[in-house]
Amino acid sequence: MKNIVGISLFFLLLIGPWFFLITEAEGGFVFYSSLILSLFLTIIGFVIFLENRNPIQTITWLVVFGAFPFIGCILYFLFGRNFRKERIFRKKYFLDKQSFVKISGNAEHNERIKEMGESSQQLITLANRLGNSPVSFTTETRILRNGQETFFNIIEELKRARHHIHLEYYIVRDDGIGCALKDVLMQKASEGVVIRFLYDAVGSWKLARSYIDDLKRAGVEMVAFGPLQLPFLNNTFNFRNHRKIIVIDGSVGFVGGLNIGDEYLGLDSKFGYWRDTHLIVKGEAVRTLQLIFLQDWYYSTNRSFLTDEYLMTDMSPPIDLGGVQVIAGGPDSEWTVIKSIFFKMITAAERSVWIASPYFVPDDDILQALKVAALSGLDVRLLVPKNPDKKIVYHASRTYFPEMLASGVRIFQYKEGFMHSKIIIVDDQLASIGTTNMDMRSFHLNFEVNAFLYRTESTQQLVNDFVNDLKVSQEVDMDVFSNRSFGLKVLESTCRLLSPLL
């Protein structure tokens, strides 16, 4: 059953053109092509039925197949195949879990956790059990507010590397900042620094071969995550590595929303200023980022470097800096890790829930949690872009506005360029920053990584930045929004129909 759809499509593409030529000559093109397409869609529908997906998602696929058969086929083979993802990534999941045991929390951390509030204790425990990652109270973090701050700090830290550099990115571009990064990596490789670079094959599909070859000749190990073969025979095509990680000498790390490209510096005329948030991490929690990278590297290359050489992190500074917990989530996980933590953050909030997300297509659990929080009198705010980069997702997200506004959620649209930050702040004390969007793809299909902050200075900085972002945003008014054109409502509802597939 696992490969029945791929085999069927291969047969259809191989035999179809010849068959169509014959039948067209005999006047039966329409009949036979319709028959073959119907049989093929029936096979796909049966496979989806046996996968026991969410009923809404299953019905959505069947509706798409019925309304747009040919387009539905293309969408399914690009984005819809599941093929029991827990089986595909089972080996990776158990290896990751066993490896994370090596960095389990110590007794001092357990005592510090007991001193925190009950909601924080529960959240830390949940994150540890789901993500197999301990909380650190001796990790320094600093918020980087845009591309200029982020890439300046990245380049400066890369220049200081002495032993190794590990990079993991969804999008890498061969442009100004991409070439600047390449030049630094080539220089460090010539100095004997070991460099491993993992890039997603789909996210970076436009990356020039010459860029990769230049780095390889310089001694940098370049590896594609989920390399593309024939899409319809590649079961992992839909599961992408959306993480953005840099680890330098095991003591400095970066994680957040920015990929490698000039648009993240605000140099794309289409988007203008690019509002994003990244995090620099120093100290104990870098070890978790390191371990996430090494496990992804092992999955992609079958080469393991889980040794003290890479996992012995500088534990200074010894002072208490608040809690930092780095959590990885993805289709290899036994649970929907990051979504579950988000849900807990929202439902445990006592005063406020503030969210910034460029793509807001929540599932029923998150949507209901937000509405209940607002109906309970909490200050719930959602910050989204006013100018979209992905129009289908943008229009789909707007269909959630009426019910959220009716429940008391305040929605703001960022006007100064494009807002790409992925932030959750609860009660001004707990925060999440990372790669996870508030959408179904991030929750269920992508490999993601987030840092959860408990009463740190960075948490307060995120609060301040969120307030400043609201000053250059436009609040959505229910009456004005309800008066949008009928055609726009139809477009949004059509995109909403596709939301379980996005």
Side-chain angles (χ1 to χ4, degrees), residues 53-57 85-86 113 116-133 135 242 323 325-384 396-397 400-401 403-404 407-411 421-454 459 462 466 499-500 502:
R53 302 186 183 203
N54 182 297
I56 295 177
Q57 190 180 60
K85 62 184 180 182
E86 68 272 15
I113 293 173
M116 305 187 74
E118 183 177 351
S119 61
S120 295
Q121 291 183 46
Q122 292 178 356
L123 188 62
I124 290 170
T125 300
L126 175 68
N128 194 11
R129 288 180 176 177
L130 296 183
N132 304 304
S133 178
V135 63
H242 194 241
Q325 198 169 17
V326 178
I327 302 293
D332 57 335
S333 302
E334 186 178 8
W335 309 91
T336 52
V337 176
I338 296 179
K339 173 207 157 179
S340 297
I341 301 173
F342 284 178
F343 181 84
K344 177 62 177 178
M345 292 177 72
I346 297 168
T347 57
E350 297 178 356
R351 298 186 305 277
S352 62
V353 178
W354 294 356
I355 297 173
S357 179
Y359 316 116
F360 184 77
V361 187
D363 62 9
D364 290 341
D365 296 334
I366 296 295
L367 181 62
Q368 187 68 9
L370 290 171
K371 292 193 297 184
V372 169
L375 288 168
S376 300
L378 275 65
D379 177 14
V380 182
R381 305 185 189 189
L382 172 65
L383 178 63
V384 295
S397 69
Y400 295 91
F401 288 5
E403 57 187 308
M404 293 185 65
S407 67
V409 177
R410 299 179 66 187
I411 302 174
S421 297
K422 310 159 198 302
I423 303 295
I424 297 182
I425 308 168
V426 171
D427 297 338
D428 295 344
Q429 294 185 346
L430 310 178
S432 167
I433 172 176
T435 69
T436 307
N437 295 307
M438 193 64 66
D439 64 11
M440 300 186 195
R441 173 159 290 277
S442 279
F443 290 157
H444 302 286
L445 298 175
N446 287 344
F447 291 88
E448 308 281 4
V449 57
N450 275 49
F452 293 87
L453 310 177
Y454 307 89
T459 306
L462 289 175
F466 193 95
S499 62
L502 298 176

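When reading the values below, keep in mind they use all heavy atoms of this one structure, side chains included, and skip hydrogens, waters and symmetry mates. For the single chain, residues carry numbers from 1 onward in sequence order.
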Notebook entry, point to check: Atom CD1 of Ile124 and atom NZ of Lys344: how far apart are they, to the nearest 0.5 Å?
Noted result: 12.0 Å
Next item on the list: Verify the distance criterion only: is there a donor paired with an acceptor across the side chains of Gln429 and Tyr454 at less than 3.5 Å?
Entry: no
Margin query: Would Phe343 and Phe443 count as a side chain to side chain contact (heavy atoms under 4.5 Å, CB included) here? Give the steps.
Written below: CA-CA 11 Å; Phe343 181 84; Phe443 290 157; over 6 Å; no
Notebook entry, point to check: Looking only at heavy atoms, which two atoms of Ser407 and Ala374 are closest? And how far apart?
Noted result: O-CB, 3.3 Å
Check: For the residue pair Ala373 and Ile346, what are the closest heavy atoms and their distance?
Finding: CB-CG2, 4.3 Å
Check: Are any non-hydrogen side-chain atoms of Met404 and Ile411 less than 4.5 angstrom apart?
Finding: yes
Item checked: Closest non-hydrogen atom pair between Glu448 and Thr435, with its separation -> OE1-OG1, 2.6 Å
Item checked: Pairs involving residues 369-381, ordered by first then second residue, that meet side chain to side chain donor-acceptor pair (under 3.5 Å) (sequence neighbours left out) -> Trp354-Asp379, Lys371-Glu403, Asp379-Arg381
Checklist line | Distance (rounded to the nearest 0.5 Å) between Ile425 CD1 and Leu453 CG | finding: 10.0 Å
Next item on the list: Could you tell me whether a side-chain N or O of Ser340 sits under 3.5 Å from a main-chain N or O of Thr336, the two making a donor and an acceptor?
Entry: yes
Note to self: Between Thr459 (side chain only) and Leu430 (backbone N and O only), is there a donor and an acceptor less than 3.5 Å apart?
What the structure shows: no
Item checked: Flag side-chain contact, heavy atom, 4.5 Å: Met438 against Ile424 -> yes
Checklist line | Reported OG1-to-CG distance for the pair Thr347 and Leu370, which is rounded to 0.5 angstrom | finding: 10.5 Å
Margin query: Please enumerate all residues that pass side-chain hydrogen bond (donor to acceptor under 3.5 Å, both in side chains) together with Lys339, with sequence neighbours excluded.
Written below: Asp363, Asp365
Next item on the list: Kindly indicate whether the side chain of Gln368, heavy atoms from C-beta on, has any atom under 4.5 Å from the side chain of Asp364.
Entry: no
Note to self: Within this structure, what is the CD1-OG distance for the pair Ile355 and Ser421, rounded to the nearest 0.5 Å?
What the structure shows: 13.5 Å
Checklist line | Side chain proximity check, Leu378 to Arg351, heavy atoms < 4.5 angstrom | finding: no
Next item on the list: Mind listing the closest non-hydrogen atom pair of Ala328 and Ile338 along with its distance?
Entry: C-CD1, 4.5 Å
Note to self: Quick check: do Ser397 and Tyr359 have side-chain heavy atoms less than 4.5 Å from each other?
What the structure shows: no
Checklist line | N/O donor-acceptor pair under 3.5 Å between Asn437 side chain and Lys422 backbone | finding: no
Next item on the list: Determine the sole option in Val337, Leu130, Thr436, Asn450 for which the side-chain contact (heavy atoms from CB on, under 4.5 Å) test with Ile327 is passed.
Entry: Val337
Item checked: Check: Asp439 and Pro362 side chains under 4.5 Å, non-hydrogen atoms -> no
Margin query: List the residues meeting side-chain hydrogen bond (donor to acceptor under 3.5 Å, both in side chains) with Glu350, not counting sequence neighbours, and say none if there are none.
Written below: none
Check: Are any non-hydrogen side-chain atoms of Trp335 and Arg129 less than 4.5 angstrom apart?
Finding: no
Note to self: Would you compute the distance between atom OG of Ser352 and atom CG of Asp428 and round it to the nearest 0.5 angstrom?
What the structure shows: 4.5 Å
Next item on the list: With rounding to the nearest 0.5 Å, note down the distance linking OH in Tyr400 to CD1 in Ile366.
Entry: 12.0 Å
Next item on the list: Give a yes or no answer on whether the side chain of Ser133 reaches the backbone of Val326 with a donor-acceptor pair at less than 3.5 Å.
Entry: yes
